[in-house]
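Just so we're on the same page: letters track the sequence lines, and every chain starts at 1.
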Amino acid sequence: LPALDEILQFTITGISIGSLYAIVGIGFMIIYSVTRVVNFAQGEFVMLGGMLSVTFYQWGLPLSISILLAIAATTLLGMVFYQSVIYPIRKAPGFSLVLITFASSLVIRGVATICWGSQPRSLPYFLGSTPVSIAGAILNPQAIWVITSTGLMAASLFFFFRYTITGKAFEACAVSTFLATLMGIKPTRMGLFAFTLASALTALAGAVITPLTFPHVGIGIHLSVKGFTAALIGGLDRIEGVIVGGLALGVLEALGAGFVSSRYKDVIALVVLLILLTFRHQGLLGKAKTGRV
Amino acid sequence: LARRKLAEFNVGGLIVESRSKEKQLMLNDVKRNYVRYVAVAAFVIAVATMPLFGGHYYLTIGNFIGVYGIAALGLALLIGYAGQVSLAHAAFVGIGAFSSAILTTRFDMNPWLAMAIGVVLATLIAAVIGIPLLKLEGHVLAVATLALSIVIYTLFIEMRPLTGGYDGISGIPHVSFGGFVFQSDRSNYYLIWTFVLFGFLFASNVANSRVGRALRSIHTFFGGSETAAQSLGISPAKYKIKVFALSAAYASLAGSLYAHWITFVNPEPFNIFISLLMLIMVTIGGMGSLWGALIGSCVIVISGEVFRELLTKVVPGAAGEIEMVAYGLLLILILLFMPRGLVFAPDIIENLISKRRTRVPIAQNDLSGR
């Protein structure tokens, strides 16, 4: 029988990696709800956030400046990505959009491999390196950063969508672009905004998680799929749901890797995704909203 | 005008459906499309006579074009007729290849039987994935197939006792027919291209059958409408599932032919990058056209060879990444600037010559659909 402190340890590890999945999932949801684009390049923005922070840090810049610069650069790329690739074909059939984000993710990954090679990179811990002990399990100080920043991001997004006029316009677009247009909201501007916001969020998450997970250039595609799984568990329409989904997925994965086999770690999330899509496509926490044909 | 667009499109894919149209319109189409008929004749002659004067190197390229061509035909049916994207086609090719390899080397099975079992297996997997997913709107299938391709690739590597892991399986027997063993590259060339021929004929029959017509009525690419089709009693999901399963069967067949020709398989060629290559083949040739799939596989395999030659001279090492970036950019550029593919290049040229601007834009989504 597995010891209780082992379970606790894996759960804590799972929660910190799950926070990352949650943020990627929120990025997915933000873009999908407004533009109906399934953005396969989402995970690459996490990778860029992490790798750029490391690069700027290695150039001798202070850690905080490096991270800010990395987020700015990734956000800029997200905006350019929307304007130059998504915007011109926004009215094309859905499969063109799927293909184009998929192709873009491979391009970003290829360029990153040429620039950085395929070795994993790391950053120092942000503050202190003394592990905190909770009931026999060890909590890494960086994990506190990860969990706190995820919580802050989620709270500010929640506030933004609930109480600001831009947030309301955004939600209106998610409900119906056609009706939003009648209300004087420009869906293309909201689309650009969605890509900006999503790439900034995921870049920040990528930078914060770097000291823990040692990212390399190949992580993007796995993160895209896992973020989508998190979003799907949450039902693709509510931030709270996506966060619960991401955390659940992270914990499940950590437990699976700890007790079953770490070789099949990545497969666990994907199997969850396939089962969910098969039996509960509206998500575990979502209402039945997706239309059936 | 809408009618005219449709006629042009069908003849463009050489899926001629002019029986129901006015004779005059048909004659016009034939006149306007002589470029295409000449091109098709040239293609068939080139394929049939190539082994007579081509050496080992050219036969290998020809075989690769054939293998990719079969898989691309299936993918073209899926994208062009069901409007769905599969990112797992390389994995389906891998299922065919590994079924053939495992069943013939570990269980001494007849290659033809192993090939058939691979096809059945791939079809079943596609059906199991497709039945729940294709009932949903949107592009869940793309996400699910991406997940599927990662799962299958991981299984190929991790199930060492069965698949041999990274080392793969060698010593796969060649197929034989009535005592004749398809051993040389030349005999395999004819074998593979026979399958391409029958695969093409079958696919164009499907495209012209009730299934094909139903799918075209759904697909906005052909000016159809899912709602209108449903009101005529057509169930889009049913047809989409059938086409997805069929396209997986094509991919698996291609994989088996590859395995029996090369006599060695390892997990490497069945990764996500090869799925991207196949998607490029279909889109560069022309979505919604079976000829497009074949033209696409010719263009990509040949340009890939040229590209690799040049690259190894200019930058040794990192060639794989540069290839990935180049192909990714290529796909983006096609989707942005030439969404109808190379099959429609004659149209574009003719329009330029005759100064008749009859540019047909890619079908637009209607806003009210949301």
> Partners of A248(A) by side-chain contact (heavy atoms from CB on, under 4.5 Å), sequence neighbours excluded?
Replying inline: none

> Counting heavy-atom pairs under 4.5 Å to chain B, which of S104(A), S105(A), S224(A), A112(A) comes out on top?
Replying inline: S104(A)

> How far apart are the closest heavy atoms of L336(B) and P88(A), and which atoms are they?
Replying inline: CD2-CB, 3.9 Å

> Shortest non-hydrogen contact from A103(A) to G328(B)?
Replying inline: CB-O, 3.7 Å

> So which heavy atom on L106(A) is nearest to which on M324(B), and how close?
Replying inline: O-CE, 3.8 Å

>> Going by the rule side-chain contact (heavy atoms from CB on, under 4.5 Å), which residues pair with V80(A) if we only count those two or more places apart in sequence or in a different chain?
In response: S84(A)

> Hey, what do you get for CD1 (I272(B)) to CZ (F102(A)), rounding to the nearest 0.5 Å?
Replying inline: 4.0 Å

>> Counting heavy-atom pairs under 4.5 Å with chain A, which one of L276(B), L331(B), T154(B), I334(B) comes out on top?
In response: L276(B)

> Quick one: of I108(A), T229(A), T113(A), who has the most non-hydrogen atom pairs under 4.5 Å with chain B?
Replying inline: T113(A)

> What closest approach, in Å, do V225(A) and A147(B) show between heavy atoms, and which atom pair accounts for it?
Replying inline: CG1-CB, 4.1 Å

>> Sort by residue number and list every residue of residues 155-163 of chain B having at least one heavy atom under 4.5 Å from chain A.
In response: L155(B), E158(B), M159(B)

>> Out of I221(A), V85(A), I89(A), V107(A), return the one with the most heavy atom pairs under 4.5 angstrom to chain B.
In response: V107(A)

>> For I280(B), which atoms come within 4.5 Å of any heavy atom of chain A: side chain, backbone, both, or neither?
In response: neither

> Can you name the side-chain contact (heavy atoms from CB on, under 4.5 Å) partners of T145(B), sequence neighbours left out?
Replying inline: S86(B), L87(B), A88(B), L141(B), F244(B)

> Measuring heavy-atom distances to chain A, does L279(B) have an atom under 4.5 Å in its side chain, in its backbone, in both, or in neither?
Replying inline: side chain

> Taking all non-hydrogen atoms of both residues, which atom of V325(B) and which atom of V111(A) are closest, and how far apart?
Replying inline: CG2-N, 3.4 Å

>> Heavy-atom pairs under 4.5 Å with chain A - which of L329(B), I131(B), V128(B) has more of them than the others?
In response: L329(B)

>> Can you give me the closest heavy-atom contact between L335(B) and S96(A), atom names plus distance?
In response: CD1-O, 3.7 Å

